[in-house]
Amino acid sequence: MAVRSVTATAPGKINLCLRVGALRDDGYHDLATVFQAVSLVEEVTATPSAGFTCAFSGPIDVSNVPLTADNLVLRAARAIAAATGYDGGVHLEVIKRVPIAGGMGGGSADAAAALLAVDALWQTHLGKDALMSIAADLGSDVPFSMVGGTAIGLGRGEDLSPVLATGHFEWVLVPHDHGLSTPTVYRELDRHREEHRLEIPPVVDCPDVEMPLLQALRGGDPVLLADYLVNDLQVAALHLQPELGATLEYGESHGALAGIVSGSGPTTAFLMPDSTAAVDLVDLFTRRGQRALRVLSPVHGARLQ
Ligand code: C5P
């Protein structure tokens, strides 16, 4: 019997550590990052259709999401069609919760959920390896959204190995109204490094993840983890949106153990000591006129519903 529709979910992420190496010849940077999936998930429903179309809705403003062929969910579906020879189409309905252009891998999560939903709808039965390879072609963060949990990402971020993390961490996320384009933030980092090359340590080609961060994750200790949150892209995001500095300062002086720009920003992520402090900080930001969300990490990766 033909399948009527299939729904899959996939999580957004934060980078607990994001070390950026030198610019490569292919325009990417080698990374050493620790991804952690957060309890903010995208939901994609795939329905049979003659062509390739998508629609977005959800609790956040989706009016600026381009519905053109370069949308990652449509590219994901076309990639499966190309890999399998499937000659039908699909309509993809996306419920978006992860901030758009926010540095939290929302578009990547859409792609990861679309890959699972389309593969199941068309019954193309691509194995895990084939899906992960398509995921890496779609974007550097898509493979992580497929696996979720906590993982080290090397290379462009697509070369993953799992990390042992115990317990859960409490976060407060503060999305910002104007998104940042990932390539623009990387370019700003390169510019900053060039301008300050005499004052800052030389940029390494292949950076590393610090051991104490992995120990803090193994122990499930937020106080220890707070000391090792680091993001090389933060300086670039702060140059492009200086007002993020005030948000970071506010959160850190109102109960957060540490605040960090998430990925290429501009979402800021605050690591909280417990759920009470998280609820209180959400309330304080809201009263200040800034939208804030409480999330937990880690959560599982993309799944069929
Ligand atoms: O892989 P993805 O399409 O998400 O990357 C978007 C852009 O971010 C790249 O074109 C590149 O400018 C930048 N990037 C980078 N190094 C990485 C990942 C992304 O320079 N490791």
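Counting starts at 1 for both ligands and their atoms, in listed order.
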Minimum heavy-atom separation for Ser264 to Leu180, with atom names? O-CD1, 3.5 Å
Please set out all donor-acceptor pairs under 3.5 angstrom arising from side-chain atoms of residues 244-252, sequence neighbours excluded.
from	atom 1	to	atom 2	distance (Å)
Thr247	OG1	Gln290	NE2	3.2
Glu252	OE2	Gly259	N	2.8

Verify, without hydrogens or angle tests, whether Ser262 (side chain) and Gly103 (backbone) share a donor-acceptor contact under 3.5 angstrom. yes
Between Leu74 and Ala69, the two heavy atoms sitting closest are CB-O, 3.9 Å
Salt bridge or not for Arg19 and Asp208, using N-O below 4.0 Å? no
Within the protein, residues bringing a heavy atom under 4.0 Å of ligand 1, chain by chain: Gly27, Tyr28, His29, Leu31, Gly139, Ser140, Arg156, Thr182, Pro183, Tyr186
Taking all non-hydrogen atoms of both residues, which atom of Val73 and which atom of Phe56 are closest, and how far apart? CG2-CZ, 4.3 Å
